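Working notes for the structure below.
If you're wondering where the values come from, they're calculated on a predicted model, not measured in any experiment. In each ligand, atom 1 is the first atom listed, and ligand 1 is the first ligand listed.
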Amino acid sequence: MTQDELKKAVGWAALDYVRPDTIVGVGTGSTAAHFIDALGSIKHQIKGAVSSSVASTEKLKSLGITVFDSNEVDELDIYVDGADEINPHMQMIKGGGAALTREKIIAAIARQFICIVDATKQVDILGTFPLPVEVIPMARAYVARELVKLGGQPVYRQGVVTDNGNVILDVHNLDISDAIAVENRINGIAGVVTVGLFANRGADVALVGTADGVKTLK
Ligand code: 5RP
């Protein structure tokens with residue numbers, strides 16, 4: 001099976017977690033896009049979605065799914081999204097698609113985070129994938145210097161402006177063996193909007209696409 005077929009399999013498998021008449025939290029990226037396609041097939045059974053990016057909002061709307069403002073929603077049953085890496089503690093690196101801040105907000109609102117990944121995203125220790133950090137533009141150089149002090153090598157993601165009007169630093173070679181400590185430390189740097197470490201709030205369920213089928217981790 002190709003990687004995209006594995007992503008499609010987990011995107012559709014996530015439908016099992018969607019309850020009727022609920023508003024569904026929806027992530028961003030190529031795996032989440034398969035989930036949106038799947039959601040389109042049951043659109044008459046749900047109230048709608050809260051979206052983590054302009055791109056996902058456009059796709060949801062093109063399928064006729066109502067998109068709610070997150071401020072209109074008190075609680076979400078589930079949030080379904082991909083990840084760039086996930087470890088055995090269900091902690092993740094996210095933000096390869098630059099949507100990390102809105103993803104973290106919706107994950108915080110949701111009761112359950114359903115992570116959908118192909119097996120290549122499973123790692124023992126996070127950090128081979130460069131860690132995305134969303135930064136207020138005027139703080140870019142300062143935050144980069146602070147990240148160097150933490151042992152990382154930040155690289156400015158050229159030409160990318162997030163949906164919130166900010167920039168992304170991708171941090172290479174950071175030691176993320178204590179993911180909660182690193183998340184808290186980077187979140188404390190002035191000018192950081194969000195770090196793409198989802199360790200304090202990890203996934204509750206991971207659906208992993210493998211050659212032997214979709215595996216469920218809890
Ligand atoms: C976007 C994300 C995505 O979930 C992550 O990059 C995985 O993307 P894909 O499903 O395309 O492999 O965090 O900000």
Side-chain angles (χ1 to χ4, degrees), residues 1-15 17 24-39 49-60 70 78-87 90-110 112-123 126-135 155 157 159-172 176 179 183 186-187 192-210 214 217:
M1 278 174 109
T2 66
Q3 189 180 19
D4 191 58
E5 285 168 336
L6 297 176
K7 289 181 178 191
K8 185 173 179 181
V10 291
W12 282 78
L15 276 191
Y17 293 84
V24 182
V26 173
T28 296
S30 55
T31 318
H34 285 300
F35 174 65
I36 296 174
D37 285 331
L39 210 52
V50 169
S51 165
S52 60
S53 63
V54 171
S56 288
T57 298
E58 280 171 6
K59 187 168 171 64
L60 286 158
S70 53
I78 57 169
Y79 175 57
V80 180
D81 197 3
D84 299 301
E85 285 184 347
I86 183 165
N87 72 12
M90 310 286 264
Q91 299 167 324
M92 296 160 285
I93 286 183
K94 292 184 46 53
L100 59 161
T101 297
R102 296 186 186 197
E103 292 174 344
K104 212 174 247 198
I105 294 166
I106 304 180
I109 297 169
Q112 269 200 305
F113 188 134
I114 317 292
C115 178
I116 49 175
V117 286
D118 64 86
T120 64
K121 308 289 186 66
Q122 287 186 297
V123 297
L126 300 171
T128 303
F129 190 92
L131 178 64
V133 183
E134 180 166 353
V135 177
V155 175
R157 203 183 292 180
V160 171
V161 176
T162 70
D163 288 348
N164 314 305
N166 299 313
V167 297
I168 300 281
L169 295 172
D170 291 305
V171 192
H172 296 247
I176 314 184
E183 180 177 6
I186 295 178
N187 270 338
V192 167
V193 178
T194 311
V195 57
L197 259 180
F198 286 56
N200 286 288
R201 201 278 185 259
D204 300 293
V205 176
L207 302 177
V208 183
T210 77
V214 175
L217 309 176

Could you tell me if the side chain of [Y] sits less than 4.5 Å from the side chain of [X], heavy atoms only?
| X | Y | result |
| --- | --- | --- |
| Val133 | Ile168 | no |
| Pro132 | Ile93 | yes |
| Phe35 | Trp12 | no |
| Lys121 | Glu85 | no |

Check [Y] with [X], please: is the shortest side-chain N to carboxylate O separation under 4.0 Å?
| X | Y | value |
| --- | --- | --- |
| Asp170 | Arg157 | yes |
| Lys94 | Glu103 | yes |
| Asp37 | Lys8 | no |

Distance from [atom] to nearest protein heavy atom, with residue and atom:
| atom | answer |
| --- | --- |
| atom 4 (O) of ligand 1 | Lys94 NZ, 3.1 Å |
| atom 3 (C) of ligand 1 | Thr28 O, 3.3 Å |
| atom 1 (C) of ligand 1 | Glu103 OE2, 3.1 Å |
| atom 10 (O) of ligand 1 | Thr31 OG1, 2.5 Å |
| atom 6 (O) of ligand 1 | Asp84 OD1, 2.6 Å |

Atoms in ligand 1 flagged as close to [X], the criterion being non-hydrogen separation under 4.0 Å:
| X | value |
| --- | --- |
| Lys121 | 7 (C), 9 (P), 12 (O) |
| Gly82 | 4 (O) |
| Ala99 | 14 (O) |
| Ala98 | 14 (O) |
| Lys7 | 9 (P), 11 (O), 12 (O) |

Below a 4.0 angstrom heavy-atom separation, can you tell me which part of [X], side chain or backbone, both or neither, approaches ligand 1?
| X | result |
| --- | --- |
| Ala83 | backbone |
| Asp81 | side chain |
| Ser53 | neither |

Short side-chain donor-acceptor distance under 3.5 Å, [Y] and [X]:
| X | Y | value |
| --- | --- | --- |
| Thr120 | Asp118 | yes |
| Asp204 | Gln112 | no |
| Ser56 | Ser51 | no |

Discussion item. Would Gly27 count as a contact residue for ligand 1, given that I'm defining contact as a non-hydrogen atom of the residue lying under 4.0 Å from a ligand atom?
Written reply: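 The answer is no: ligand 1 sits nowhere under 4.0 Å from a heavy atom of Gly27.
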Worksheet item: N/O to N/O below 3.5 Å, does that happen between Gly95 and ligand 1?
Response: yes
Worksheet item: Does the N or O separation between Gly29 and ligand 1 drop below 3.5 Å for any pair?
Response: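 No; the residue has no nitrogen or oxygen that sits under 3.5 Å from a nitrogen or oxygen of the ligand.
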Item to complete: Tell me which one of Ala32, Gly97, Ser56, Ser30 gets a heavy atom nearest to atom 9 (P) of ligand 1.
Response: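 Of the listed residues, Ser30 has the closest heavy atom.
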Worksheet entry | Verdict with supporting geometry, Glu134 and Thr194, side chain to side chain donor-acceptor pair (under 3.5 Å) | CA-CA 5 Å; Glu134 180 166 353; Thr194 311; 5.0 Å; no
